[in-house]
Amino acid sequence: MPELPEVETIRRFLEKAIVGEKIVGIEILSKKQFPQEPKLVIGAKIAGIERRGKNLFINLSNSKTLWTHLKMSGQLIWVPATGSKKRPGHPIPFAGSELPAKSTRVIITLQKGKLFFNEMRKFGWMKVLDSAKVQAETGKLGPEPFSSVFTAEYLEEVFRKTAKPVKLVLLDQEKIAGIGNIYANEALFEAGIDPRRPAKEITPEEIEKLRKAVILVLNEGIRYGGSSAADEAYIKPDATKGNYQEHFRVYQRDGEKCHKCGKIIERINLAGRGTFFCPKCQT
DNA sequence: AGTATCCTGGAA
DNA sequence: TTCCAGGATACT
């Protein structure tokens, strides 16, 4: 599922690829994924691409913002026009298949290519809102992990108030923005903390270790272009895979040996989420 | 604060 | 054929 590093990878790609491009058409194949009027965005230019947590904001020249959340299986694929005279609707080859794919929900046509919004599970969406309202709409999101607000003091304050398992607090977007299941598991391993421990019982030393681990694994994820694990839908906008799955410490490694101590990685269910950890390294 | 819900492909 | 993951939100 696209988490902060995956969305940031997409953001950086699109920033280079489509900023300055004008939206000349939009094809909505699933109204649920784009419930508004196409005319709200047609004719506008892409002014910039921003990210907040797992949310992507495509800012337009008409003071509107195209707000996208990819949820679990959303993809944004950029296909530059080749110049060849293909008939409209002609399928475009991509990643061993073709576009539009069965999961394609929206096709945004720009001057120099097409942006495909694919979303297998139909949970993800695109919505148009006034750019000035973005801040208010995302006000409930917690701090960005890379911002100066994400301090040990802040985390201590959050953790002190709840007996929830520490992993659930990491996943709570109102506490920290952008962490999903992969990076929560990885950060807890890196910090040597058992994901089931009540947040309020995590010591200040461990909290600082965890804060650093969160930043470390998110940076790793970005460096490797995100993770495209076996059952993950995530791919980069050029339809190539990220590589972070090759560097997982625990995620989806249950039954395999811990790289640090050799014990077998375990999988448990925590609040309905697959949770992976080393029983020896994480206490 | 805990639970159902959305949705689909793939696993069991 | 049934079951289930999985993020965020709407409920209870």
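Hydrogens, waters and symmetry mates play no part in the numbers below; they use all other heavy atoms, side chains included. So that the names make sense, note that chain A is the first sequence line, chain B the second, and so on, each numbered from 1.
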request  = Could you list the residues that satisfy side chain to side chain donor-acceptor pair (under 3.5 Å) with E50(A), not counting sequence neighbours?
outcome  = N59(A)
query = Centres of the Y244(A) and F248(A) rings: under 6.0 Å?
reply = yes
Just distance, no hydrogens or angles: give the donor-acceptor pairs under 3.5 Å from side chains in residues 35-47 of chain A, sequence neighbours left out.
residue	atom	partner	partner atom	Å
Q36(A)	OE1	V128(A)	N	2.7
Q36(A)	NE2	V128(A)	O	2.8

key: Nearest-0.5 Å distance that lies between atom CG in N55(A) and atom CH2 in W67(A)   = 5.5 Å
query = To the nearest 10 degrees, what angle separates the axes at the start and end of the helix from dA1(B)-dT12(C) to dA12(B)-dT1(C), five pairs each?
reply = 60°
So which protein nitrogen or oxygen atoms get under 3.5 Å of nucleotides 9-12 of chain B's nitrogens or oxygens?
residue	atom	partner	partner atom	Å
dG9(B)	OP1	K102(A)	NZ	3.3

key: Least distance between heavy atoms, V217(A) atom then A187(A) atom   = CG2-CB, 3.9 Å
message = Testing the 3.5 Å rule here: is there a donor-acceptor pair between the side chains of Q245(A) and Y234(A)?
response = no
task = Encode nucleotides 7-12 of chain C as B, S and - characters from 5' to 3', where the letter depends on protein heavy atoms closer than 4.0 Å: B to the base, S only to sugar-phosphate, - to neither.
result = BS----
message = Does K22(A), at its NZ atom, have more than 12 non-hydrogen atoms belonging to other residues, nucleotides or ligands within less than 6.0 Å?
response = no
key: Nearest-angstrom distance from the residue atom CD of E6(A) to C1' of dG6(C)   = 14 Å
query = So, N118(A) and T104(A): side-chain donor and acceptor under 3.5 Å apart, yes or no?
reply = yes
inquiry  = Expressed as a whole number of angstroms, how long is the span from E119(A):CD to dA5(C):P?
reply    = 18 Å
query = For the pair made of CD in Q75(A) and C1' in dC7(B), what is the distance, rounded to whole Å?
reply = 15 Å
message = If the threshold is 4.0 Å, N to carboxylate O, is there a salt bridge linking R196(A) and D194(A)?
response = yes
inquiry  = Mind checking if G274(A) touches a base, just sugar-phosphate, or nothing, with heavy atoms under 4.0 Å?
reply    = sugar-phosphate
message = Is the phosphate of dC4(C) approached by N269(A) (side-chain N or O, under 4.0 Å from OP1 or OP2)?
response = no
query = Please give, in whole Å, the distance from dC7(B) C1' to L70(A) CG?
reply = 16 Å
key: Derivation and outcome, side chain to side chain contact (heavy atoms under 4.5 Å, CB included), residues C281(A) and F189(A)   = CA-CA 7 Å; C281(A) 295; F189(A) 174 86; 4.0 Å; yes
query = For residues 23-33 of chain A, which residue pairs qualify under side chain to side chain donor-acceptor pair (under 3.5 Å), counting only residues two or more places apart or in two chains?
reply = S30(A)-Q33(A)
